A.B. asks: 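One structure is given below, represented as structure tokens, and several questions about it will come after.
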Amino acid sequence: MDQIKELPKTYDPHAVEEPLYKWWEENGYFKPETQVAMGQSSWEAPTFTIGMPPPNVTGALHIGHAMTATVEDIMTRYHRMRGDLTLWVPGSDHAGIATQAVVERRLADEGLTRHDLGREKFVERVWQWKEHYHRRITDQHRRLGVSVDWERERFTMDEGLSRAVLTAFIRLYNKGLIYRDDYLVNWCPRCLSVISDLEVEHHEEQGALWYVRYPLVPEGGELSDAPWGSPDWGKGATEWITVATTRPETILGDTAVAVHPGDERYTHLIGRVALLPGVSRPIPIIADAAVEREFGTGAVKVTPGHDPTDYAIGQRHGLPIISIMNRDATINQEGGPYAGLDRYEARQRLVADLEKAGLLVKKQEHTLSVGHCHRCGTVIEPLISTQWFVKMKPLAEPAIAAVRDGRIRIVPEHFEKIYFHWMENVRDWVISRQLWWGHRIPVWYGPDSHPFAAFDAPEAHEQARQHYGHEVELRQDEDVLDTWFSSGLWPFSILGWPDDTEDLRTFYPNSVLETGYDIIFFWVARMIFMGLEMMGDIPFHTVYLHGLIRDELGRKYSKSLGNALDPMQVIEDVGTDALRFTLMTSSTPGVDTKLSEKALVAGRNFMNKLWNIGRFTLNSLPDKIPAVDPEQFTLADRWILSRTDDLTESVTRLFEAYQFGEAGRQIRDFLWDEFADWYVEMSKIRLQGSDAEAKATAQAVLATVLERALRLLHPFAPFITETLWQRLPHEGATIMLAPWPTPAGWQDETAEREMNLVRELIRDIRNARSEYNVEPSRRIAAIVSADAHETFIRSQAPIIEMLARVDGAQFTITRSLAEPPAQAVSLVIGEGILAYLPLAGLIDLDKERERLTKEVADTQAEIERTTALLNKPGFADKAPANVVQGARDKLAAAQERHQKLTERLTSLA
RNA sequence: GGGCGGCUAGCUCAGUUGGUCAGAGCGCCUCGCUUACACCGAGGAGGUCGUAGGUUCGAGCCCUACGUCGCCCACCA
């Protein structure tokens, strides 16, 4: 790999990231084959597999993709380092309606529609679009550092996946799980296609509730047959029934008025006939329990052709279904005088006419939930139409069971409830779309519309020949499949299904499915039932759902809001590693994250800190690190090595629990607060000293600890860790394939405890210096009465001298002190170590007494608290032994401290 | 109408199985260019962990209500 000889003072991510990625990719380090070839894993090893959620080829990656890529890359790099046979498959999604919509918008700029081009030319145009944006997306993913196997990359409309789609469709069709039917579907009048329930977004909107009265046909009599609009319309009526509606234009499609069967206000009207305004249709008054008595007037107009509730009522009562709208939401000939008008214009006109006819009782403000097309925002129109559906009940049941019995685990767990709720109430899935971009439905119709599902036209003809006994003309269904039909096959289609491939046998089921929680129904649920149905096995063991990234105001990032955060710009600003690290450490699984500029800068600063830790270490190392005798380890060495083991254990545990954010934070805190601020500082004494052996030991420990920490950090920050690792003594070609660290037997409780006392002593001296405004450059005298700790404190004298700026010539360390200096600041550290700082000329005895008095009070409070805890009934026998012991130790320490402080205070008095 | 999530220092957020968990970053205050780093170092101020109950020897962490913000689902026209 490329070597930058001199490490610049400030980390420059751009100098390393792109060349490094190229080097990894060219060496095949992302491929499981390489792991095996290098002996780092084997075909028999446990596998780790992720199918990357295929981004849409509609544009550029957004910050959510960066989150997805980061989390998945972290898991992938971790498992790869552990020696699991690791495969992460990238790909992209043709995104049917979304992509068609953006290309149509582009065409519109040229003043064209897709119909001007025709199906073939249009689809060609979309393919061009796809090529362009596909390249852009994959380039962007590379910049994010994803360790995916590019040679296994897939696209939902490539040859293999298209064959998978056909296979799945035909299999479901032959099992009777796919059917074609007329149904009231969500229709987008802009996209001119049906969309699924999931693709409808409901928004609360301010609307109105119109109260309209319909004249009743007199019993045994008749009403005037004057046409609508004439003053005599409905003449002869003596009774009316008033209904309330939010959509008056649908009056034109009413086929009944319904009341609640138990509603006494209307019992006498059930069975009567009302005359429908606008189109003068006689409609019955019926009783149905779905009617809310309290809402409106308690009488509801029934429009089975344009409202789901009404459709259900209509089904129950055998009402005719009248569709009053064309596919573009204009009124058709069923709308009589209103035919040809747009739905909203028809509404206005009809309301005006109703008012003129004296039928509008009142209009009141009303908020209602209006469905919009997920893609284009157009208000959805429920319309009767013929569509293809997947029967969900038989597919949902095993999919529910797989999560219920734990074969699939969802992280965080609370999403399981959401999954169950949806799956248990799932309705049949409309899979046909009236689009041109997508997998065309593999069904051909004979002259009598008999359907034949087949892989291709010849096969359909063969079926038709057998069915009819002779050759017939066939025409293929014009529609394409919902884009999620193909992505639902993703975990196995990317591995070669329907063929029985080596990859499929090795890497199915996948290990983890990682994505944002917003597509749990769209995608996750569908992969689960498709996997179970097609493969007879779960598609993955674990579903990990990350939160959504939001801006500082908590809004989703989106182009239309104008707050889009371009991950490529962020990378320009702070580098990929900083972006990744920040995304992970400022988030927690399943919870939305507000990503702030400040946090990104902090991430960048950490990378720079690490860079400089690396520079320091590298500059301190000789060309060849000599073998080191562990006998030569100082307290500092044993402490940092012990902490390294602690960290390794903790980080590994957190990785296994999917707690990546916490793991990242612990690595950062270790590197910054312990390694850099303490160990590196302490090591300088030996590095700059004349004892060659001591120097070598410090060098070895520095290199060892940093090398391990880099491996732990590598999944988060692949670029900087590889760059530094390559320059440190290491084994292997790349950190990517270096073993994941395991504790090395360095844990040393004594070293940690002793080092903590030294650190506390140093901190207290620094604190005192600061309080007494001692100039930083001035070295001060100190006397330490260390009691039983004398020996090791003495051994740490050089460190204390350097870090607390104590003058070596005036530094006394004794076991005990007969006569402490009066003119001195006194400090009580940990288990009874006393330090005196005779700050000549600076000591203010009043101030010192005041300080000590406060400390005595604090300690007294702690003693009381701990005593109370220990004396609490039940504590000593119910709490675990270590907790009780901990409290006793704490009490003993506080008591000793209290005693020392009091003695000192007395002697000053 | 159901369900879910957030509510922890001025701001943005961590806090894994209930027992050193009251934390970090930024901001603020005092110092400091000590030959890795000013994208830095040292010290400091700052919170009754939304409210009220409860379980427990012990609760940001579990239970029950409530408040508040947000999200998801749902055929009150």
Side-chain angles (χ1 to χ4, degrees), chain A residues 7 9-11 184 202 209 243-247 250 258 290-292 294-297 299-303 307-313 366 368-369 382 412 414-415 417-418 421-422 425 517-518 520-521 547-548 550 552 554 574 578 585-588 590-599 601-620 650 653-654 657-659 661-663 665 668-669 676-677 680-681 684 688 763 766-771 773-777 802-803 805 869-870 872-880 882-884 886-887 890:
Chain A
L7 300 188
K9 212 163 138 173
T10 303
Y11 176 53
L184 188 74
H202 293 273
L209 196 55
V243 298
T245 180
T246 55
R247 302 197 50 203
T250 63
V291 178
E292 283 290 330
E294 282 70 37
F295 191 90
T297 61
V300 58
K301 57 191 268 329
V302 182
T303 319
D307 182 275
T309 313
D310 294 4
Y311 181 80
I313 295 175
H366 182 70
L368 69 164
S369 171
H414 74 257
F415 284 109
K417 220 185 246 184
I418 294 172
H421 182 260
W422 187 75
N425 297 288
Y517 66 77
D518 53 333
I520 185 166
F521 309 133
L548 275 27
R550 298 177 180 279
E552 268 137 304
V574 302
T585 50
S586 52
S587 70
T588 197
V591 179
D592 293 354
T593 303
K594 282 182 217 159
L595 189 64
S596 70
E597 197 91 13
K598 296 245 169 82
V601 169
R604 181 204 60 184
N605 291 354
F606 171 53
M607 294 308 147
N608 191 240
K609 183 73 187 181
L610 175 58
W611 183 252
N612 278 289
I613 290 170
R615 285 178 68 217
F616 174 83
T617 303
L618 291 168
N619 290 334
S620 307
S650 179
R653 185 175 50 78
L654 290 164
Y658 299 93
Q659 300 282 339
E662 182 61 16
R665 285 186 288 271
R668 179 197 55 206
D669 291 349
D677 288 348
V680 163
E681 291 307 317
K684 286 177 181 173
Q688 290 160 11
R763 261 194 300 257
R766 283 169 168 174
N767 184 344
R769 293 178 60 114
S770 169
E771 252 180 78
N773 294 318
V774 180
E775 306 110 74
S777 55
M802 178 167 119
L803 297 185
R805 307 228 115 223
L869 175 66
L870 281 163
K872 213 161 215 175
F875 176 74
D877 39 295
K878 288 193 182 168
N882 63 321
V883 173
V884 177
K890 195 169 154 189

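Given the structure is predicted, the values throughout are model-derived calculations rather than measurements. Per chain, numbering begins at 1; letters A, B, ... match sequence-line order.
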A.B. asks: Considering every strand shown, what is the Watson-Crick or G-U wobble mate of A22(B) when both distances are under 3.5 Å?
C.D. replies: none

A.B. asks: How long is the span from the CZ atom in Phe616(A) to the NZ atom in Lys684(A), to the nearest 0.5 Å?
C.D. replies: 5.0 Å

A.B. asks: Using heavy atoms to find the nearest nucleotide of RNA chain B for Thr245(A) and Trp422(A) separately, return the residue whose nucleotide is more 5′.
C.D. replies: Trp422(A)

A.B. asks: Tell me which nucleotide among A77(B), G19(B), A36(B) gets nearest to the side chain of Val680(A).
C.D. replies: A36(B)

A.B. asks: Between U16(B), A77(B), C26(B), spot the one nearest the side chain of Glu292(A), thanks.
C.D. replies: A77(B)

A.B. asks: So, is G60(B) syn or anti if syn means the angle is within 90° of 0?
C.D. replies: syn

A.B. asks: For Asp677(A), answer base if it contacts any base atom (sugar-phosphate contacts may also be present), sugar-phosphate if it contacts only those atoms, and nothing otherwise; contact means non-hydrogen atoms under 4.0 Å.
C.D. replies: sugar-phosphate

A.B. asks: So what does Lys417(A) hit on the nucleic acid, given a heavy-atom distance under 4.0 Å: a base, only sugar-phosphate, or nothing?
C.D. replies: sugar-phosphate

A.B. asks: May I have the distance from Ile418(A) (atom CD1) to C73(B) (atom P), rounded to whole angstrom?
C.D. replies: 10 Å

A.B. asks: Nearest to the side chain of Ala602(A), heavy atoms from C-beta on, is which of U16(B), G25(B), A14(B)?
C.D. replies: G25(B)

A.B. asks: May I ask you to say what Asn767(A) touches in the nucleic acid, namely base, sugar-phosphate or nothing, with a heavy-atom cut-off under 4.0 Å?
C.D. replies: sugar-phosphate

A.B. asks: Students often get this wrong, so: under 4.0 angstrom with heavy atoms, is Ala244(A) touching a base, only sugar-phosphate, or nothing?
C.D. replies: base

A.B. asks: Looking at every strand, decide which applies to Ala876(A) at a 4.0 Å heavy-atom threshold: base, sugar-phosphate, or nothing.
C.D. replies: nothing

A.B. asks: Could you identify the nucleotide paired to G50(B), looking across every strand shown and requiring Watson-Crick or G-U wobble geometry with both distances under 3.5 Å?
C.D. replies: C66(B)

A.B. asks: Using both distances under 3.5 Å as the test, list the Watson-Crick or G-U wobble partner of G41(B), or none.
C.D. replies: C31(B)

A.B. asks: When you compare U68(B) with U30(B), how far apart are their C1' atoms, in angstrom units rounded to a whole number?
C.D. replies: 39 Å

A.B. asks: Between C75(B), G19(B), U16(B), spot the one nearest the side chain of Pro880(A), thanks.
C.D. replies: G19(B)

A.B. asks: Both distances below 3.5 Å, Watson-Crick or wobble geometry, any strand: find the nucleotide opposite G58(B).
C.D. replies: none

A.B. asks: Select from Ala290(A) and Thr617(A) the residue whose nearest nucleotide in RNA chain B is closer to the 5' end of that strand.
C.D. replies: Thr617(A)

A.B. asks: Among A36(B), G58(B), A14(B), which nucleotide has an atom closest to any side-chain atom of Val591(A)?
C.D. replies: A14(B)

A.B. asks: Classify Arg653(A) by what it touches in the nucleic acid, base, sugar-phosphate, or nothing, heavy-atom distance under 4.0 Å.
C.D. replies: base

A.B. asks: Select base, sugar-phosphate, or nothing to describe what Thr10(A) touches, counting heavy atoms under 4.0 Å on all strands.
C.D. replies: base

A.B. asks: Could you tell me whether Lys872(A) contacts a base, only the sugar-phosphate backbone, or nothing, with contacts defined as non-hydrogen atoms closer than 4.0 Å?
C.D. replies: sugar-phosphate

A.B. asks: Between His414(A) and Tyr517(A), does a ring-ring contact (aromatic ring centres under 6.0 Å, His included) hold up when you go through it step by step?
C.D. replies: CA-CA 11 Å; His414(A) 74 257; Tyr517(A) 66 77; 8.4 Å; no

A.B. asks: Within the structure shown, what part of the strands sits under 4.0 Å from Arg247(A) by heavy-atom distance: base, sugar-phosphate, or nothing?
C.D. replies: nothing

A.B. asks: When all nucleic acid strands are considered with a 4.0 Å heavy-atom cut-off, which category describes Thr588(A): base, sugar-phosphate, or nothing?
C.D. replies: sugar-phosphate

A.B. asks: Among the nucleotides C72(B), G32(B), G15(B), which one has an atom lying closest to any side-chain atom of Pro776(A)?
C.D. replies: G32(B)

A.B. asks: Look up atom OG1 in Thr303(A) and atom CZ in Arg247(A), then write down how far apart they are to the nearest 0.5 Å.
C.D. replies: 8.5 Å

